[in-house]
Amino acid sequence: MSRGSKIITSYAVQSSKEVPKTGWLNLPYKSNGLSASFENTESETITNSRITQAGLPTSGTLQGDIEVEFAKEVYDTLIAAAACNEWQGNVLTFGGDVAKTFAIETAYTDVGIYHYFGGIRVNTFSLSVGDSGYATAKFGLMGTDYKNQNDTAFSKNPTPAGELKRVTALSVEDIKIDGVTTKGTACVTEFSFELDNNIQAQKCLGDGIFAGKLLEMMTKMSGSITLAYGKKAQEIVNKQMTGATIAIEATFKFSDGSKCVLAIPKAQAAGETPSGGMNDLVKQTLNYTVVEQAPTLTKITG
């Protein structure tokens, strides 16, 4: 019988439809929902009995989320895949046209069962942090190939992730709106950023049970900021009445002094009038949608 603590996830960049022979890396994770599901179509054939004929599998889907505790550089390759771009030095620009494909193995090591997922694309990515605890990231995945086997791993000598410099609420150095810090004026208690590549599965006759191609459509990027309610928060929300945009910048500082900065040059904000009970701290939820200019993620050495 298997235990959750013995489920190991590994991944490798995939350059062909074959199982990668090198380049495997361990993927530290919090939860892994990547799975294969199959559609069985019921037969409508009438025979000489009132018992229906057995159905047949006619379609399959590979998808699911992997959630992680966000850490320095460990997930850079997956974030780049979500951005559909390559890192240019220390800068990654979101919303590009570079398609990157992965192979992922989920290994139930205590019972010796190994699941292989190929042709994996990163469809969605989210990053969120609250006023306590760890910052978390989630990668929504889609794929085109699946198999499993006993006793022999698909991955070859995966490299350990090494020391994890994880991000917590205390790692948030600053969140700026229109270049002005929110510290002391519009206290931020929660922040999130979400990206959706809107990847569509293209199924063609002859491809087999899974989709043969995964094609990205228009990218949507959005998120939310929760502010302590006051004049500054209301000033920001008022911009929705004119459609004016805001710039958002979130800076995270790691334990070694290095930083990463998520910069959103233009976003349109929306929010409703907040409410609260007698003993509540009144908060303003600001939802934003990225428009016109691509966000960037920049790594700054300590």
Side-chain angles (χ1 to χ4, degrees), residues 30-31 65 67-72 74-75 79 82 94 124-140 164-196 220-242 244-255 257-291 295-300:
K30 182 178 177 182
S31 66
D65 296 334
E67 185 176 12
V68 305
E69 293 173 344
F70 188 57
K72 178 184 176 180
V74 176
Y75 307 104
I79 297 172
F94 290 89
T124 63
F125 167 68
S126 65
L127 174 64
S128 61
V129 62
D131 59 5
S132 64
Y134 290 105
T136 59
K138 186 180 290 187
F139 300 93
L164 299 178
K165 294 181 174 62
R166 290 171 291 179
V167 174
T168 72
L170 299 180
S171 305
V172 181
E173 184 176 76
D174 199 3
I175 293 180
K176 296 179 180 179
I177 297 179
D178 289 333
V180 179
T181 181
T182 56
K183 293 189 292 187
T185 58
C187 166
V188 175
T189 59
E190 294 177 72
F191 172 81
S192 72
F193 171 75
E194 300 175 3
L195 175 149
D196 188 346
K220 179 180 179 180
M221 288 173 274
S222 59
S224 65
I225 303 174
T226 302
L227 307 164
Y229 188 61
K231 292 180 180 178
K232 185 63 177 179
Q234 186 60 54
E235 175 188 322
I236 297 167
V237 172
N238 281 347
K239 294 191 176 186
Q240 68 183 324
M241 293 187 287
T242 62
T245 62
I246 60 173
I248 303 168
E249 184 180 285
T251 302
F252 303 90
K253 187 174 183 179
F254 301 106
S255 57
S258 61
K259 303 177 184 181
C260 71
V261 180
L262 175 63
I264 301 168
K266 296 182 75 172
Q268 289 182 306
E272 299 180 355
T273 304
S275 61
M278 181 173 61
N279 294 314
D280 293 337
L281 294 171
V282 180
K283 297 179 180 180
Q284 172 73 64
T285 299
L286 178 73
N287 298 308
Y288 66 86
T289 301
V290 176
V291 296
T296 58
L297 186 64
T298 302
K299 296 185 289 186
I300 302 172

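This structure is a prediction, so every number in the text was calculated from the model and none was measured. Position 1 is the first residue of the sequence, and the numbers go up from there.
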Work out which heavy atom in [X] is nearest to a heavy atom in [Y]; give both atom names and the distance.
{"X": "T185", "Y": "T181", "result": "OG1-O, 3.4 Å"}
{"X": "Q284", "Y": "E272", "result": "NE2-O, 2.9 Å"}
{"X": "A186", "Y": "L227", "result": "O-CD2, 3.3 Å"}

Nearest 0.5 Å, please: how far is [atom2] in [Y] from [atom1] in [X]?
{"X": "L127", "Y": "K138", "atom1": "CG", "atom2": "NZ", "value": "12.5 Å"}
{"X": "R166", "Y": "T136", "atom1": "CZ", "atom2": "OG1", "value": "13.0 Å"}
{"X": "S255", "Y": "L170", "atom1": "OG", "atom2": "CG", "value": "12.0 Å"}
{"X": "K183", "Y": "K176", "atom1": "NZ", "atom2": "NZ", "value": "8.5 Å"}
{"X": "E67", "Y": "K30", "atom1": "CD", "atom2": "NZ", "value": "4.5 Å"}
{"X": "D131", "Y": "T168", "atom1": "CG", "atom2": "OG1", "value": "11.5 Å"}

Enclosure of K299 NZ (heavy-atom neighbours >12, cutoff 6.0 Å):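 Yes.
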Side chain to side chain contact (heavy atoms under 4.5 Å, CB included) assessment of F191 paired with L262: CA-CA 11 Å; F191 172 81; L262 175 63; 4.0 Å; yes
Just by distance, do the side chain of [X] and the backbone of [Y] share a donor-acceptor pair under 3.5 Å?
{"X": "E249", "Y": "P265", "value": "no"}
{"X": "T245", "Y": "K266", "value": "no"}
{"X": "S192", "Y": "S224", "value": "yes"}
{"X": "Q240", "Y": "G271", "value": "yes"}

Centroid-centroid under 6.0 Å between F193 and F94 rings: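 For F193 and F94, the ring centres are under 6.0 Å apart.
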Candidate pair L281 and Y229, rule side chain to side chain contact (heavy atoms under 4.5 Å, CB included), full reasoning: CA-CA 8 Å; L281 294 171; Y229 188 61; over 6 Å; no
[Y] and [X], any side-chain heavy atoms less than 4.5 Å apart:
{"X": "F70", "Y": "V129", "value": "no"}
{"X": "V188", "Y": "V172", "value": "no"}
{"X": "I236", "Y": "K239", "value": "no"}

Stepwise side chain to side chain contact (heavy atoms under 4.5 Å, CB included) test for C260 and F254: CA-CA 8 Å; C260 71; F254 301 106; 3.9 Å; yes
Pair I225-T182, side chain to side chain contact (heavy atoms under 4.5 Å, CB included): steps then yes or no: CA-CA 11 Å; I225 303 174; T182 56; over 6 Å; no
Distance-only polar pair, side chains of T289 and S222, donor-acceptor under 3.5 Å: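 S222 and T289 do not have a side-chain donor-acceptor pair below 3.5 Å.
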